[in-house]
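Read the structure below first, then the notes.
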Amino acid sequence: MTSCESTATYTAKDFKSEVKPVWCPGCGDYAVLSSITKAFADLGLAPHQTSVVSGIGCSSRIPAYTNTYGIHSIHGRALAVGQGLKLGRPDLTVLVAGGDGDGFSIGGNHFLHACRRNVDITYIVMDNRVYGMTKGQPSPTTESDWDASAMAPPGGTGMTPFHPLAIALASGANFIARGFSGDPNGTAQIIAEAIKHPGFSFVAIMSPCITFREEQRDWKNTMRNVNIEPTTDPAQAARRLMTDDGFNCGILYRGDRPAYGKEKKATNAVSDLDREFTL
Amino acid sequence: MTAANMFLDAAAEAGYYALFGRSSGPQIRGGEAAALVRLGVEPITSVDDTFDIMLAIDWQGVQRFAAELPLSKNSLVICDPSAGDVPEVYVKTGAKIVHLHMKDLAKEIPGGRPNMIALGAVAELIGIPVGPLTEVLGKSLKKKRADAYEASVAGVKAGAAAAATLGGSKRLAAAKAKDAKRWTVTGNYGAGLGAIRGGVRFCAAYPITPATEVLEYLASALPKVGGVFVQAEDELASINMCLGASYGGEASITSTAGPGLSLMTEGLGLAVASETPVVVVDVQRVGPSTGIATKCEQSDLNIAVYGLHGDAPHLVVAPNSVGDCIFTTQWGVYLAESLQTACLVMSDQALGQSRAIIDAPADVAFVGKRLAAVAPAEGEVFKRYANTASGISPMPIPGQPGCQYTSDGLEHTETGTPSSQSSDHTLQLDKRQRKLTNFDYGNHWATIEGEGDIAVITWGSCTGAAREAVERARADGVKAKLISLRLISPIRPQHMADALKGVKKILVVEQSHQGQFTRYLRGEYDLPAKPESLSRSGPLPMRPGEIHARLLSMGK
């Protein structure tokens, strides 16, 4: 295993790559990228010791825009890839990032099991309640009556929006937070706390898509930083999340379940395994 | 099954080689099942055409197994009269039927069981002395349950004594002295061991019949050598967790069967495009869909070779005996790591779930090693997907300073930046193909035995039956050579041409209704003659007699 103890300190800029994002002008994801690179720098990490893993979609382009070890994988599978990386390489900082369609629709099952499994990774979902890359279909977090796009069914989907934070809590997640891309510094602080948290940490970041959801420009007026003490009581957290209007930002729940994974320690040589088969 | 495992151990103790396959329905545990054992003084890699002895403890569910238990008039059926009349399907084989009062004999022994009476009886008939039997019973029972041990020994002795009066001995040729270097292994455990020998230290897998024993083995063995096992939530997670771990530098494996392989194909495509090594052991069962979960077929060939979307060159290898599951899986890991791509190890149910007594496998030197990256000079960009002459690009391990890159399933430039340019696409496609085509696979691409102007080309578990058929045909004056492909893809045109030099007729043997392997060979290779195809579906195993008959007609 390679590791490099570095005495150099890095700035947020060191974590950004030269690749120009494909995002539309005004996309909330630009600010999330800045929050992530700032959080890495603030934590004193080095680019070669960090990794950003994603699936498919607008926000999943993020690994290429960072100067870390990145994986831009396939639709919905980012959490599986990220958990595999962390379990294979516990020394790395692993951040998994993506969007609401990628994470909660095609990747929904992995989300449930990542919350349960509690591998020490941080999962950031840039939620804009729409499929941007395929030009404006409703996503799992889209309001049931949203039909303002030619791509959405008349009258809306009629389906109850997915509640990522409540589902994370019910599935066993131990760190649940909400951020807003319009507040990059506050979001960077939340991400840094999430990375420091042992075990699986989940940060939903409201990140407007003003291309397909013009009305999300208004989020800057409705999102609020709650600055409340994160509860350690799941029942209280459930009440907090279920009465939430979707605009409260901050760390909303922090449990203390131990992280998944045992220390990797060889007790046998490979040749010792032959004994089981020898007559 | 317990008695059959003991029987196999006793035979091994007495110096015999053996192959033990099982047949059961879809029940979870218990229920009717057949243990199919063949013994010999030389290594055994195939079932025979018929069984010499069938011992029926009862007749429950017998119709289900009739086709899998072929008998002849030379066979001996031993049954308990208390179980009722012998079913017509066995009577009409003309086999000699004898009665053994297994239940009554068991009742005379405190704690006695009919299966131990049966075990003693069969051992006596074929000439395995009581010594090796009690030795085996001692190993499995003595420490845990002394009373059970004593009851079992008494049962075995009673069975042997009763069988001595039955007549119809089926005595085996005397075994050579037991060789200290023999192993007993199933194909699935062997695949797990081969993976670890090849350097695998990470496995994420989801249970599926008949591949589950691969993960069962790795779950316990990997932690011992500092590795990690994860039971994933599904096959999609399995393959993608493996890709994550592999990107991190850990050689990774998952195991599955047909339905799971279907789910993994998208992840396999990512492995190819992002050049991330990964190994999948597919223990083939009858398909399509859920098919017959507990039985064998070789019909996943098409999906293995052609199942990925896009132009996605990758490795497909296949073990051709229970013991070869060890070597071929190890080799598969070595190839995947060396070539930074996906390798499918196409085992099958007849290999994976059969237990064999084999000569200890050589401790071969194939351990997967990636071409290591060097950090670029100051101001230069690291090219993860550099267009090298070999097609293999140096691959950094995260943690290495200066080589940060994004692994991508999107088409990309040499640095890994997503690109939709045709020039980048062609360059990367050429590179991924070139590294596979130009690699030196040595002589492991196939197992080639014998000489003759007929070639039998086969793969996987059909190899054993084909070998035996070739040997029988030779005794009849028909000379054939056996070519069992281990490297299914990429193709080896020159090697195949060399192997087929002087060959005038070809017989392709496989267990697939569509003749997938025959079509593959005809589509990919220039063959000197249009092959005859001996291709039929599972789940009945290919038997030497079927192939032998065809060879005799081809030899006329």
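Here is how names work: the chains are called A, B, and so on, in the same order as the sequence lines, proteins then strands, and each is numbered from 1.
When heavy atoms are compared at a cutoff of 4.5 Å, B:Asp363 does not approach chain A at all. For B:Ile357, the part lying near chain A is the side chain, with the backbone staying farther off; criterion is any non-hydrogen pair under 4.5 Å. For a residue to count as touching a neighbouring chain, one of its non-hydrogen atoms must lie under 4.5 Å from one of that chain's; by this rule A:Leu92 touches chain B with the side chain only. Using a 4.5 Å cut-off between heavy atoms, A:Ala269 touches chain B through its backbone atoms (N, CA, C, O) alone. Contact of B:Ala360 with chain A is not made at all, since no heavy-atom distance falls under 4.5 Å. Contact annotation for B:Pro418: only side-chain heavy atoms (C-beta onward) come within less than 4.5 Å of a heavy atom of chain A. Heavy-atom distances place both the backbone and the side chain of B:Leu236 under 4.5 Å from chain A. Neither the backbone nor the side chain of B:Arg384 comes within contact range of chain A; no heavy atoms are under 4.5 Å apart. For A:Asp272, no part sits under 4.5 Å from any heavy atom of chain B, backbone or side chain. Neither the backbone nor the side chain of A:Arg116 comes within contact range of chain B; no heavy atoms are under 4.5 Å apart.
In this structure, A:Ala266 and B:Val225 approach most closely via the heavy-atom pair CB-C, 3.6 Å.
Using modelled atom types and a 3.5 Å distance limit, the side chains of B:Gln400 and A:His48 yield no donor-acceptor pair.
In this structure, the side chains of A:Tyr69 and B:Ser407 stay at 4.5 Å or more apart for every pair of heavy atoms. Between B:Lys224 and A:Leu273 the shortest side-chain heavy-atom distance falls below 4.5 Å. Contact annotation: the side chain of A:His110 approaches that of B:Asp234 to within less than 4.5 Å [non-hydrogen atoms, C-beta and beyond].
Note on B:Val185, B:Ile239, B:Thr276, B:Asp9: by heavy-atom pairs under 4.5 Å with chain A, the leading option is B:Val185. Contact count against chain B (heavy-atom pairs under 4.5 Å) is highest for A:Asn67 among A:Val52, A:Asn67, A:Ile56, A:Leu87. Chosen from B:Gly416, B:Pro223, B:Ala237, B:Gly409, the residue pairing most often with chain A at heavy-atom distances under 4.5 Å is B:Ala237. In terms of heavy-atom pairs under 4.5 angstrom with chain A, the leader among B:Val230, B:Thr417, B:Leu243 is B:Val230.
Checked against the 6.0 Å centroid criterion, the rings of B:Tyr217 and A:Phe277 qualify as a close aromatic pair.
Without hydrogens or angle criteria, A:Arg89 side chain to B:Pro398 main chain gives a donor-acceptor distance under 3.5 Å. Under the 3.5 Å distance criterion, the side-chain polar atoms of B:Tyr405 are left unmatched by any main-chain donor or acceptor of A:Thr68. Using a distance-only test at 3.5 Å, with no hydrogens or angles considered, no donor-acceptor pair links the side chain of A:Thr278 to the main chain of B:Trp183.
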Evaluate B:Gln231 against A:Arg117 for side-chain contact (heavy atoms from CB on, under 4.5 Å), listing each step before the verdict. CA-CA 10 Å; B:Gln231 184 172 318; A:Arg117 196 175 281 116; over 6 Å; no

Please evaluate residues B:Thr184 and A:Glu276 with respect to the criterion side-chain contact (heavy atoms from CB on, under 4.5 Å), reporting the C-alpha separation (whole Å), side-chain torsions for both, the decisive distance (0.1 Å), and the verdict. CA-CA 9 Å; B:Thr184 172; A:Glu276 186 183 337; over 6 Å; no

Give the intermediate values and the outcome of side-chain contact (heavy atoms from CB on, under 4.5 Å) for residues B:Val228 and A:Lys264. CA-CA 7 Å; B:Val228 172; A:Lys264 298 202 307 185; 3.2 Å; yes

Show the numbers, then the answer: is there a side-chain contact (heavy atoms from CB on, under 4.5 Å) between B:Glu266 and A:Arg77? CA-CA 10 Å; B:Glu266 190 194 25; A:Arg77 314 297 159 215; 4.3 Å; yes

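Residue-level contacts of residues 14-27 of chain A with chain B, in order of numbering, are A:Val19; threshold 4.5 Å between heavy atoms.
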